[in-house]
**Q** 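Provided herewith is a single structure, encoded as structure tokens, for subsequent inquiry.
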Protein chains: 2
Amino acid sequence: MSQAQPSQTQQAELAQLVSQGLVTDPASPKGRLLAASAQLFKQKGFAGTTVRDIAAEVGILSGSIFHHFPNKESILKAVMAEAILTCLARMESAVAKLETTPARFRALVRCELEAIHGISGVGFTLLTSEWRCLSADSQAEILKLRQRYEGLHREVLADAKAQGWTQVEPFLLRHFMRGALAETSNWFHLNGDLSLEDLVDQICLAAGMRPS
Amino acid sequence: MSQAQPSQTQQAELAQLVSQGLVTDPASPKGRLLAASAQLFKQKGFAGTTVRDIAAEVGILSGSIFHHFPNKESILKAVMAEAILTCLARMESAVAKLETTPARFRALVRCELEAIHGISGVGFTLLTSEWRCLSADSQAEILKLRQRYEGLHREVLADAKAQGWTQVEPFLLRHFMRGALAETSNWFHLNGDLSLEDLVDQICLAAGMRPS
DNA sequence: ATCAATACCAAGCGCTTGCTTGGCAAGCAT
DNA sequence: ATGCTTGCCAAGCAAGCGCTTGGTATTGAT
């Protein structure tokens, strides 16, 4: 189980999110609990993971978990919220820094792939795979974050269509992209033959993201 | 919860699979158990579905399930095996009927989308979403079927690359396609604004499956 | 020195889980 | 008529589940 090494700038971004209170300090007991939970949820699924599993992973007893969270589901909700907020922050800063649509598209693809493959936290894929394990209320809460996230994608894809980089409708293309990117978690591995950078290139190529 | 109406030719294909012993007669008690299980596994996940849920769905008591299956996991395995065998049969007959590579590609996309959206049985999406719930032995067993399935796809994509219809490596393109197609289960709905036929067209377009 | 907050343990409660056992009834071939 | 197979019920067991309660040790602020 290789762990991705966060870069210095990523640590700085994380520290900022922590100081804003949007993300839990990963060194704190609660933060370690969240990280262990995300790991286990990804491995065995939310329903397949017991609170005893989580507690054992961080070296406490199962009952002690409920000093930090009111119930098991709230752990999943927190993992999801922090995963998407972390990715969103990186995406927004990347888009702000870049000018052209293809560069922005590429950056978004890169950010999403980095999130999926655990560059900072392993919880991102849970947003889709364990979505149904959230209560309706929690789903609504997380959905707001997802809409900010998807909106950013759709904006860039709309620009791409307007500028003739693709012929596919933004909402359709975004669905295709989301699926293709999410699926990489099942076959692509960092430190494998194909680099993440190459993967991004191939995805842009396959998406037909080139002038018509 | 709208149910797709199987066509006459699909019913004939199904009957043949049943007579070969590859698929359980859906009218039999065991077949009804499989259909109900697939439905519930899709709704609530394998770990989130209890044997009492399944039993209630077909109107029996939970213990009676184990007259038909040795354990809960074997139900999932059977659902997966029958789903992939059904789809595989349709794919092989479609490819055999068609001559050109683009036509075959389109047919495979169509078959997979039909399987995903429950044209015959709702179990197909479980192959990915509930894969980790299978024991290692069961995974190996189902993997053989999946390899036949993926092999067929990869053959057609290899032809496509050789004939200049795409620039992306077959194994990469197949991963992208699988993800994009699987994701449709989260947003596309039969009887919606977009027809399945249109969806297939848009996917072929987005895949860049056109002469270079 | 005192107080309050934080992080955890020890024990266990009430419930649900997958699964077992023994038996009953209907259908069917002999 | 008999015996066998199939499909199910009734009852319940052992284990595991999420979560609660009451208490303790440590820490930093007052």
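Atoms considered below: every heavy atom in the structure, side chains included; atoms not considered: hydrogens, waters and symmetry mates. We name chains A, B, ... by the order of the sequence lines, and we start the count at 1 in each one.
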**Q** Less than 6.0 angstrom from the centroid, inside 45 degrees of the normal: does A/Arg146 satisfy that with respect to the ring of A/Trp131?
**A**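 Judged by the rule (NZ or CZ under 6.0 Å from the ring centre, within 45° of its axis), A/Arg146 counts as positioned above A/Trp131.
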**Q** With B/Lys42 as the cation and B/Phe124 as the aromatic partner, state whether NZ or CZ is under 6.0 Å from the six-membered ring centre and within 45° of the axis.
**A**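 Relative to the ring axis of B/Phe124, which defines the angle, B/Lys42 lies outside at least one limit.
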**Q** To the nearest Å, how far apart are B/Asp53 CG and C/dT16 P?
**A**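 Answer to the nearest Å: 12 Å.
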**Q** Rounded to the nearest Å, what distance is computed from the CD1 atom of residue A/Ile60 to the P atom of nucleotide D/dG18?
**A**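 The distance from CD1 of A/Ile60 to P of D/dG18 comes to 14 Å, rounded to the nearest Å.
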**Q** Give the rounded distance in Å between these two atoms: NE2 of A/His68 and C1' of C/dA5.
**A**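 Interatomic distance, NE2 of A/His68 to C1' of C/dA5: 13 Å.
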**Q** Between B/Tyr149 and B/Glu112, is there a side-chain donor-acceptor contact under 3.5 Å, judged purely by atom types and distance?
**A**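 The criterion, which ignores hydrogens and geometry beyond distance, is satisfied for B/Tyr149 and B/Glu112.
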**Q** Starting from C1' on D/dG18, measure out to CD on A/Glu73 and report it in whole angstrom.
**A**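 Checked: the CD to C1' distance equals 13 Å.
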**Q** For A/Asn71 and D/dC17, give me the distance from atom CG to atom P, rounded to whole Å.
**A**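 Rounded to whole Å, this separation is 17 Å.
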**Q** Could you tell me whether A/Phe176 and A/Phe171 have their ring centroids closer than 6.0 angstrom?
**A**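 No, the ring centres sit 6.0 Å or more apart.
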**Q** Determine, for B/Phe46 and B/Lys72, whether the Lys NZ or Arg CZ falls below 6.0 Å from the six-membered ring centre while staying within 45 degrees of the axis.
**A**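 Yes, a cation-pi geometry holds between B/Lys72 and B/Phe46.
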**Q** Calculate the interatomic distance between A/Ile54 atom CD1 and D/dG16 atom P; express it in whole Å.
**A**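 That distance rounds to 17 Å.
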**Q** Step by step, would you call B/Met177 with B/Phe105 a side chain to side chain contact (heavy atoms under 4.5 Å, CB included)?
**A** CA-CA 11 Å; B/Met177 294 297 301; B/Phe105 174 81; 3.6 Å; yes
**Q** Check this for me: does the side-chain of A/Arg52 come within 3.5 Å of the base of D/dG16 through a donor and an acceptor?
**A**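 In this structure, the two groups form no donor-acceptor pair.
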**Q** Under 4.0 Å, counting only non-hydrogen atoms across every strand here, what does A/Thr50 touch: a base, just sugar-phosphate, or nothing?
**A**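 The residue A/Thr50 makes sugar-phosphate contact but no base contact.
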**Q** Starting at the 5' end of DNA chain C, which residue's closest nucleotide do you reach first, A/Gly63 or B/Phe66?
**A**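 Comparing both residues, the 5'-ward one is A/Gly63.
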**Q** Ignoring hydrogens and angles, does a donor from either the side chain of A/Ser62 or the base of D/dC17 sit under 3.5 Å from an acceptor on the other?
**A**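 Counting by modelled atom types and ignoring angles, no donor-acceptor contact under 3.5 Å is found here.
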**Q** OP1 or OP2 of D/dC9 less than 4.0 angstrom from a side-chain nitrogen or oxygen of B/Ser64, does that happen here?
**A**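 Yes, B/Ser64 has a side-chain N/O under 4.0 Å of OP1/OP2 on D/dC9.
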**Q** Between residues 22-37 of chain A and DNA chain C, which residues have a heavy-atom gap below 4.0 Å?
**A**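 Going residue by residue through residues 22-37 of chain A, the ones with a heavy atom under 4.0 Å of DNA chain C turn out to be A/Pro29.
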